[in-house]
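No experiment lies behind these values; they were computed from the predicted model shown. Note on naming: letters A, B, ... go to the chains in the order of the sequence lines (proteins, then strands), and numbering restarts at 1 for each one.
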Number of protein chains: 2
Amino acid sequence: MARVSSPASFDELKQLISSRYGELSSRLRQIAEFALEHPNDMALGTVAAVAARAGVQPSAIIRFANSLGYDGFSDLQRVFRSRLVAGSPSYRERIDTMRHKAEADRKTNGTDSVLAQFTGDGIAALQHLRETTRPADMTRAVSILARASEVYLLGQGRAFPVAYYLYYAIARLDLRAHLLDGIGGLLHEEARAAAHDDVLIAVSFKEYSRDVAAIVERAAARGVKVIALTDSPLSPIARQASVSFEVDQSPALPFRSLVAPMCLAQSLVVALGHQLASRGGSS
Amino acid sequence: MARVSSPASFDELKQLISSRYGELSSRLRQIAEFALEHPNDMALGTVAAVAARAGVQPSAIIRFANSLGYDGFSDLQRVFRSRLVAGSPSYRERIDTMRHKAEADRKTNGTDSVLAQFTGDGIAALQHLRETTRPADMTRAVSILARASEVYLLGQGRAFPVAYYLYYAIARLDLRAHLLDGIGGLLHEEARAAAHDDVLIAVSFKEYSRDVAAIVERAAARGVKVIALTDSPLSPIARQASVSFEVDQSPALPFRSLVAPMCLAQSLVVALGHQLASRGGSS
DNA sequence: TATATGATAGAATATTCATTCCAAACTATC
DNA sequence: GATAGTTTGGAATGAATATTCTATCATATA
């Protein structure tokens, strides 16, 4: 087994290259320097392209990879690619810490690791929410709500808790709030009450409810302002909306969580409360 | 020259995909969704790999690229790669967000800082939840639920979204779930259906609903197993419960959040799902 | 100076990959 | 219910790519 080492993380690779640097031939040193200085080229380029940029022969690149214990350039390149998708260091470190904690728990107890998993995912989702939400959208949504005559809340299935929470919280601000809950099968009829100086807050996640999409479309066509709370810019309600929040469920989690949407909903309502308090405290 | 458009930046591409989404065929829509949800896969994968992950044929990927005005997949992939090398995505987004925040804060009374506040609070709440929840309680709650004949869900006001979520999620596990929603004012009557081999999951926060407390008391007296989701061991429902989770809203926050209870609820349901799958996969 | 050892360049090769093409399936229209 | 027009799946193709191999070159040692 020629390969005693061959790190899978970029940080380890960096250390390995540094420690082996002394033993390398001059051409291989040249490549080592290039690799550490241009990790992006290493990650995305072909052997020919990297060789050209580094001023060496393609075969030298392969020898470099082999000398570090990798099967070939492609094998080495994986490490450089992992660096690109890992995200910013601090973010990744936090996730890693959580994951390690989760693994430690798995040894002790199975059910508890589920909680560790979801709190970890939840924290990641909240960080992602904060990083990707555009402040301008928040501001616009709040000012639309502050001017609204009536606020209608719509959400079905998994999205319903979010809609209900918004209804509950907005009603407590003494705004006129109406929850479209579809009791008795009159969802579409309830929605017809919304007029052009009203606002409809629609919440919908995959797989998007047909009813919600249809109601949003008709409301938008009538001139009702729509604020969408969804999970993708391709969502059927995002395209119709005046303001659309895409709470991206951070990359491919097996279970969808309501943590981020709930947090966004609360932030919206509290920001709205501040706005109302600071401007006209009247009526 | 067929190509009138074909953005070179990822943000423009996102917009282009969103706007063209409606005109695309179903298979192409499928790819569009995948592309926006898994930009890293698009950036680093081969056509075959991307096609496999998206569940389509390689040729469909090429067609997708062509329909957006690109020469082929490689041409399209450049855009996704540019996103990766423009600095790690979340880092760049964070910088942008920060810059925008500074401007937005100046115009408004810090609408955006509200979001920063609540994501921060949410993270703290989740960490607190993780640290204070006793694994033994999770295990007991799951095993009680796994043996239940029927599961009743109860929560009013601010707690209702949590109860509804539990109802929704448990029903999807093919368990017999019943939401006590009090429509038509028959809350107490609905609750009388719970028998001694049933479980009642009650959710209640300060100020505790009188109805919920009363229902829990009567149910517990009849021998119904009660799982409480509340915010203090002194809560009127905690004392009656077989298992009680106290999701303490970490030290004196001005606004109560549902982030932690929601996360706990999801963890419970998923742990229950695992339990059911591992034990009797029958029914 | 002669020889042995290791490194290098560049051509040759085998593999992987993007792309194209065509038949089959599907839709909408008359 | 038949037909024209799209859309789709999957094999075929040709280009691009990583890797291997060998002759040459440099270097150190006797």
Open item on the list: If you count every heavy atom of other residues, nucleotides or ligands that lies below 6.0 Å from A:Arg222 atom CZ, does the total exceed 12?
Closed with: yes
TODO: Assess the side chains of A:Tyr70 and A:Gln77: does a donor N or O sit below 3.5 Å from an acceptor N or O?
DONE: no
Open item on the list: I'd like to know if the side chain of A:Glu12 pairs up with that of A:Ser9 as donor and acceptor (distance under 3.5 Å, no hydrogens or angles considered).
Closed with: yes
TODO: Kindly say if B:Ser25 contacts the phosphate of D:dT8, meaning a side-chain N or O under 4.0 Å from OP1 or OP2.
DONE: yes
Open item on the list: Just by distance, no angles: are the side chains of A:Arg130 and A:Gln127 close enough, under 3.5 Å, to form a donor-acceptor pair?
Closed with: no
Open item on the list: Between A:Ser26 and C:dT8, is there a contact of a side-chain N or O with OP1 or OP2 at under 4.0 Å?
Closed with: yes
Task: Length of the CD1-P vector between A:Ile61 and D:dT20, whole Å - done: 15 Å
Task: Secondary structure of DNA chain D in dot-bracket form (Watson-Crick or G-U wobble, distances below 3.5 Å, | marking inter-strand pairs) - done: ||||||||||||||||||||||||||||||
TODO: Indicate whether OP1 or OP2 belonging to D:dT19 is found under 4.0 Å from a side-chain N or O atom of A:Ser74.
DONE: yes
TODO: Answer with base, sugar-phosphate or nothing: what part of the nucleic acid does A:Ala48 contact at a heavy-atom distance below 4.0 Å?
DONE: sugar-phosphate
Open item on the list: I'd like to know if the side chain of A:Glu150 reaches the main chain of A:His178, judged simply by a donor and an acceptor atom lying under 3.5 Å from each other, with no hydrogens or angles considered.
Closed with: no
TODO: Would you kindly give the CZ-to-P distance between B:Phe73 and D:dA16, to the nearest whole Å?
DONE: 17 Å
- [ ] Using atom CD of A:Glu23 as one end and atom C1' of C:dG6 as the other, report the distance to the nearest whole Å.
- [x] 16 Å
Task: Partner of A:Tyr152 by side-chain contact (heavy atoms from CB on, under 4.5 Å), out of A:Leu179, A:Ile201, A:Asp198 - done: A:Asp198
TODO: Using the ring of A:Phe205 (Phe, Tyr or Trp, six-membered ring only), decide whether A:Arg256 places NZ or CZ under 6.0 Å from its centre and within 45 degrees of its axis.
DONE: no
- [ ] Calculate the interatomic distance between B:Leu24 atom CG and D:dT7 atom P; express it in whole Å.
- [x] 10 Å
Open item on the list: A:Leu200 and side-chain contact (heavy atoms from CB on, under 4.5 Å): which single residue from A:Leu153, A:Ile237, A:Leu180 fits?
Closed with: A:Leu180
Task: Nearest-angstrom distance from the residue atom CZ of B:Phe64 to P of D:dT7 - done: 15 Å
- [ ] Check whether any side-chain nitrogen or oxygen of A:Gln57 sits under 4.0 Å from OP1 or OP2 of C:dT8, and answer yes or no.
- [x] no
- [ ] Give the B/S/- string for nucleotides 20-25 of chain C, one per nucleotide from 5' to 3', where a protein heavy atom under 4.0 Å of the base yields B, of only the sugar-phosphate yields S, and otherwise -.
- [x] B-----
Open item on the list: Does B:Gln15 have more than 12 heavy atoms from other residues, nucleotides or ligands lying within 6.0 Å of its CD?
Closed with: no
TODO: Rounded to the nearest angstrom, tell me the gap between atom CG in A:Leu28 and atom P in C:dT8.
DONE: 6 Å
Task: Rounded distance (Å) that lies between atom P of C:dA7 and atom CZ of A:Arg29 - done: 12 Å
Open item on the list: Between P on C:dT8 and CZ on A:Arg27, what's the gap in Å once rounded to a whole number?
Closed with: 6 Å
